[in-house]
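Chain naming here is simple, since letters A, B, ... match the order of the sequence lines and numbering starts at 1 in each.
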Number of protein chains: 2
Amino acid sequence: MAATESGKKPKRDTYRHGDLRNALIRAGLELARTGGPEAVVLRAVTREAGVVPNAAYRHFADRAALLHVVSQAAIAQVARTMEAEQAALPPAADTTAAARARFRAVGTGYLRFAQEEPGLFRTAFHVPGDMTHAADDDAAGSSGKTPFELLGAALDGLVETGILPEDRRPGAEFLAWSAVHGLAVLLIDGPLRGLHPAQAHDAGQHVIDMIERGI
Amino acid sequence: MAATESGKKPKRDTYRHGDLRNALIRAGLELARTGGPEAVVLRAVTREAGVVPNAAYRHFADRAALLHVVSQAAIAQVARTMEAEQAALPPAADTTAAARARFRAVGTGYLRFAQEEPGLFRTAFHVPGDMTHAADDDAAGSSGKTPFELLGAALDGLVETGILPEDRRPGAEFLAWSAVHGLAVLLIDGPLRGLHPAQAHDAGQHVIDMIERGI
DNA sequence: GAGATAAGTGGATGCTGTCCACATTGGAGT
DNA sequence: ACTCCAATGTGGACAGCATCCACTTATCTC
């Protein structure tokens with residue numbers, strides 16, 4: 001009856017942890033994945049890392065600071081999902097088709113992440129005030145671009161290939177982002193929750209159609 | 001030095017409160033107005049009502065149940081703001097112009113509420129799972145329609161006047177709602193926070209333009 | 001080697017939601 | 001008019017939470 005604890009308890013024997021800061025972030029991400037931002041509880045995170053609650057204060061000012069870093073990491077995962085969606089694109093017929101596909105992949109990737117990792121998605125964007133920092137470096141994906149920057153680049157592509165008139169370009173990211181993010185919320189927490197993935201994908205394409213027409 | 005407490009403490013002398021359930025909801029709305037859903041704290045709410053924390057459990061199963069009712073009340077206020085926006089519309093030239101104006105007023109009212117009462121707006125829609133009940137009776141405004149139903153009615157008006165092709169009608173509320181709600185989030189918590197009201201209004205009209213074109 | 005200093009510990013405080021047993025009282029039924 | 005009951009409010013307790021302060025331990029620097 002030694003295994004009273006649930007999972008694994010590393011039971012570190014060294015006084016120093018060695019990599020506590022990262023361990024806390026990792027644990028925070030894991031908790032956020034299954035329970036969203038409110039599940040990132042200081043005591044739970046330190047417990048996971050096999051350390052006393054106060055130890056966290058050597059690396060973060062308070063719970064909000066930890067949550068902010070976790071949030072940034074989640075945003076970076078959004079960026080990577082977008083990048084993956086673009087990378088998986090089949091070769092396009094011409095450059096305008098390619099630009100369109102890359103633009104649509106931005107939205108599709110965003111929506112895919114929201115559905116596959118709702119907890120992380122909420123953590124990424126639901127924390128009041130954290131979206132302001134969505135342009136910070138540590139919110140970037142492999143390409144070094146944040147989700148917002150990826151969207152901007154895709155829109156630039158639309159302008160370059162003549163699909164989007166130049167005078168419609170300013171502020172276009174806010175239009176696109178509004179629509180896609182709104183749908184994501186609808187799919188995660190709203191009346192569209194529990195929609196079959198295929199139907200959800202259709203809804204996503206529908207919204208992106210609307211954006212292309214209306215932008 | 002008798003006035004140690006901050007505000008007013010009714011200091012009820014009757015053992016029974018008389019209208020505690022409503023008093024708790026009112027207090028909850030007040031807290032939500034200034035602090036959002038997380039400010040609807042059971043103990044604070046009962047304190048405000050001049051009652052011991054446990055008394056709340058005679059009227060609500062738990063904090064979540066209270067918050068749900070407060071959320072419904074907030075949604076009803078959204079509906080009323082939309083209705084007010086429609087009611088304030090100047091007389092239109094013809095029926096199609098009227099239908100368009102009524103449709104746009106739905107979005108404009110929604111966005112106006114989000115900006116004027118961000119705390120209540122968050123409380124209305126930020127609570128996971130509560131948007132599912134956005135069609136409940138007590139989420140309705142003066143007309144007896146919920147925000148979703150108001151949007152649906154406005155879309156029906158667009159179809160009747162021939163502005164919106166009938167085959168585009170199904171699912172249109174989700175497209176429109178996605179875009180407008182997404183912008184609301186952007187304005188409240190996102191990079192567009194703190195935008196000058198006039199600019200915010202412009203952004204709203206921009207998004208509604210996109211919806212009209214792209215729907 | 002000595003001492004500064006970063007990193008982790010232990011204990012305490014005041015919040016929170018919720019449970020249980022108890023007190024009060026208004027009203028229904030006699 | 002009297003009694004009893006069920007609804008309503010109280011009091012005390014518990015566990016979990018974030019955070020503060022004083023203390024210990026190990027590592028890095030001179």
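- Side-chain proximity of A/Val41 to C/dT18, C/dG10, D/dA18: nearest is D/dA18.
- Between B/Ala55 and A/Ala61, the residue anchored nearer the 5' end of DNA chain D, judged by the nucleotide with its closest heavy atom, is B/Ala55.
- The distance between atom CZ of A/Phe60 and atom C1' of C/dG8, rounded to the nearest whole Å, is 15 Å.
- Phosphate proximity of D/dG9 to B/His59: present, with a side-chain N or O under 4.0 Å from OP1 or OP2.
- If you find the closest nucleotide of DNA chain D to B/Leu20 and to B/Arg43, the one lying nearer the 5' end belongs to B/Leu20.
- Using a 4.0 Å cut-off, some side-chain N or O of B/Arg47 falls inside it from OP1 or OP2 of C/dT16.
- One can place CG of A/Leu67 at 11 Å from P of D/dT19, the figure rounded to the nearest angstrom.
- Comparing atom distances between the B/Arg16 side chain and each of D/dT19, C/dT24, C/dG17 picks out C/dT24 as nearest.
- Atom NE2 in B/His17 sits roughly 16 Å away from atom P in C/dT25 (whole-Å rounding).
- Atom CD of B/Gln199 is separated from atom CG of B/Asp202 by 7.5 Å, given to the nearest 0.5 angstrom.
- A donor-acceptor pair shorter than 3.5 Å cannot be found between the side chains of A/Glu85 and A/Thr108.
- The shortest distance between the side-chain N/O atoms of A/Tyr57 and the OP1/OP2 oxygens of D/dC20 is not below 4.0 Å.
- Nucleic acid contact for A/Arg63: sugar-phosphate only, since backbone atoms but no base atoms lie under 4.0 Å from a heavy atom of the residue.
- Nearest heavy-atom pair, B/Ala124 versus B/Ala74, reported as atom, atom and distance to 0.1 Å: CB-CB, 3.8 Å.
- Going from atom CG of B/Leu24 over to atom P of D/dT8 covers 12 Å, rounded to whole Å.
- Rounded to an integer number of Å, the gap from A/Asn22 CG to C/dA7 P is 13 Å.
- Ring orientation note: the planes of B/Phe125 and B/Phe121 are nearly perpendicular, at an angle over 60° on the 30°/60° scale.
- Looking at B/Asn54, its side chain comes within 3.5 Å of the base of D/dG12 through a donor and an acceptor atom.
- Smallest separation of non-hydrogen atoms from A/Ala184 and A/Tyr110: CB-CE2, 4.3 Å.
- One can place CD of A/Glu38 at 14 Å from P of D/dC17, the figure rounded to the nearest angstrom.
- One donor-acceptor pair, N or O on each side, does fall under 3.5 Å between the base of C/dG8 and the side chain of A/Arg58.
- Comparing A/Asp19 and B/Ala44 along DNA chain C, the residue whose closest nucleotide (by nearest heavy atom) sits nearer the 5' end is A/Asp19.
- Separating the CG atom of A/Leu42 from the P atom of D/dC20 is a distance of 11 Å, rounded to the nearest angstrom.
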